[in-house]
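Right, one structure below, let's go through it.
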Amino acid sequence: MKKWLILLFLISMTQLTGAAMENKIKFDDETYHLSNPESKTKNYNYYLKDENIENWHTRINIQNLPDKTNATEAAAEFAHLIQSEHPGASVLVYPDAGMVGYLLSANNCYEYNTIFFYKGKKGLDRFDYSRRFYDSENGDHAGARKSAVEFAEKYNKKYMEMVNKTAPKYKID
């Protein structure tokens, strides 16, 4: 009887562990910590230590898109969405790779993003690396834009390659 109880316990623990997201992600020699492990929408945010949803400089977001199956189409649709919701955003689409890179203006910052759509356990998963350039840290909004553009010009290829390599390790149940 004890063996059956132990076996049932191990099976239930395996199922619980399989459904949870990783608590930490190592990316670009930094450790990002999961901020919302109980997400009902399967949309998970990771921040560096001492950063959160209201105050962050870099973030990783992993989201499941169960109704999507084609990474090329998902990338094109997402790029169109960014352009329609954020006029003036700079968007680069790499449809064959299922990737989108973009810069956009937010209230008090400019934001750089690299997004990769890839086959998940159900539908597609989306891995997003974001970096913010705050007005207050760059003189003003024009300074934040300049910093974001310089960052994108210098590091876009690096982060696209890193996202492409890292993302498939993280599949959402």
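Here the structure is a predicted model, which means the values were calculated and not measured. Counting begins at 1 with the first residue of the sequence.
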Donor-acceptor pair, Y118 side chain versus Y170 backbone, under 3.5 Å?
yes
Sequence neighbours excluded, which residues qualify as salt bridge (charged side-chain N to carboxylate O under 4.0 Å, His left out) partners of E137?
none
At their closest point, which heavy atom of C109 faces which heavy atom of R132, and how far apart are they?
SG-CD, 3.8 Å
Enter the distance from N55:CG to D50:CG here, rounded to the nearest 0.5 Å.
9.5 Å
Rounded distance [0.5 Å steps], NZ in K157 versus OG1 in T114
13.5 Å
Should we say atom OH of Y155 is surrounded by more than 12 heavy atoms from elsewhere, each under 6.0 Å from it?
no
Taking only residues at least two apart or on different chains, which pairs with a member in residues 61-71 satisfy side chain to side chain donor-acceptor pair (under 3.5 Å)?
N43-N61, N45-N61, N64-D125, K68-E77
Checking E150 now: which residues fulfil salt bridge (charged side-chain N to carboxylate O under 4.0 Å, His left out) with it, not counting sequence neighbours?
K146
Does one hydrophobic cluster hold both F78 and Y44, with members joined at side-chain heavy-atom distances below 4.5 Å?
no
Of all the heavy-atom pairs spanning Y47 and T58, show the shortest one and how long it is.
CD2-O, 4.2 Å
For P168 and N164 the tightest heavy-atom approach is CD-O, 3.3 Å
Same cluster for Y46 and Y159 if Ile/Leu/Val/Met/Phe/Trp/Tyr side chains link at under 4.5 Å?
yes
Path from L92 to M162 over hydrophobic side-chain contacts below 4.5 Å
yes
Could you tell me whether the side chain of Y102 reaches within less than 4.5 Å of the side chain of H86, counting heavy atoms only?
no
Quick check on the 6.0 Å ring-centre criterion: do F127 and F116 meet it?
no
Those residues at least two apart in sequence (or on a different chain) that pass salt bridge (charged side-chain N to carboxylate O under 4.0 Å, His left out) with K158 are D28
Suppose we screen for salt bridge (charged side-chain N to carboxylate O under 4.0 Å, His left out). Which residues come up paired with R59, at least two apart in sequence or across chains?
D128
Which residues satisfy the ring pair (Phe, Tyr, Trp, His ring centres under 6.0 Å) test with Y110, sequence neighbours excluded?
H141
Between E51 (side chain only) and H57 (backbone N and O only), is there a donor and an acceptor less than 3.5 Å apart?
yes
Pairwise side-chain contact, I115 with R126, heavy-atom cut-off 4.5 Å (strictly under):
yes
Donor-acceptor contact present, side-chain T72 to main-chain P95, <3.5 Å
yes
Rounding to 0.5 Å, atoms CG (D135) and OG (S147) come to a distance of 10.0 Å
What are the two closest non-hydrogen atoms of A74 and L124, and how far apart are they?
CB-CD1, 3.7 Å
Under the side-chain contact (heavy atoms from CB on, under 4.5 Å) criterion, do V100 and I82 qualify, and how do the steps go?
CA-CA 10 Å; V100 178; I82 290 298; 5.7 Å; no
Give a yes or no on whether the backbone of W56 and the side-chain of Y134 come within a donor-acceptor separation of less than 3.5 Å.
yes
To the nearest 0.5 Å, what is the distance between CG on L34 and CD1 on I25?
8.0 Å
Looking only at heavy atoms, what is the nearest atom pair of E111 and S130, with distance?
OE2-OG, 4.2 Å
Answer with yes or no whether the hydrophobic clustering places I172 together with I60; edges join I, L, V, M, F, W, Y residues whose side-chain heavy atoms lie under 4.5 Å apart.
yes
K42 side chain to P66 main-chain N or O, any donor-acceptor pair under 3.5 Å?
no
Which atom of L48 lies closest to which atom of T31, heavy atoms considered:
CD2-O, 3.5 Å
Validation row, ring centre F27 to ring centre Y129 under 6.0 Å:
yes
Any idea how F151 and F133 line up, ring-wise: parallel (<30°), tilted (30 to 60°), or perpendicular (>60°)?
tilted
Hey, is the main chain of M160 close enough, under 3.5 Å, to the side chain of Y94 for a donor-acceptor pair?
no
Treating Ile, Leu, Val, Met, Phe, Trp and Tyr as nodes and any side-chain heavy-atom pair under 4.5 angstrom as an edge, say whether F117 and V163 lie in one connected cluster.
no
Judged by modelled atom types alone, do E38 and N36 share a side-chain donor-acceptor pair under 3.5 Å?
no
Can you confirm whether V149 sits close enough to L103 that some side-chain heavy atom of one is under 4.5 Å from a side-chain heavy atom of the other?
yes
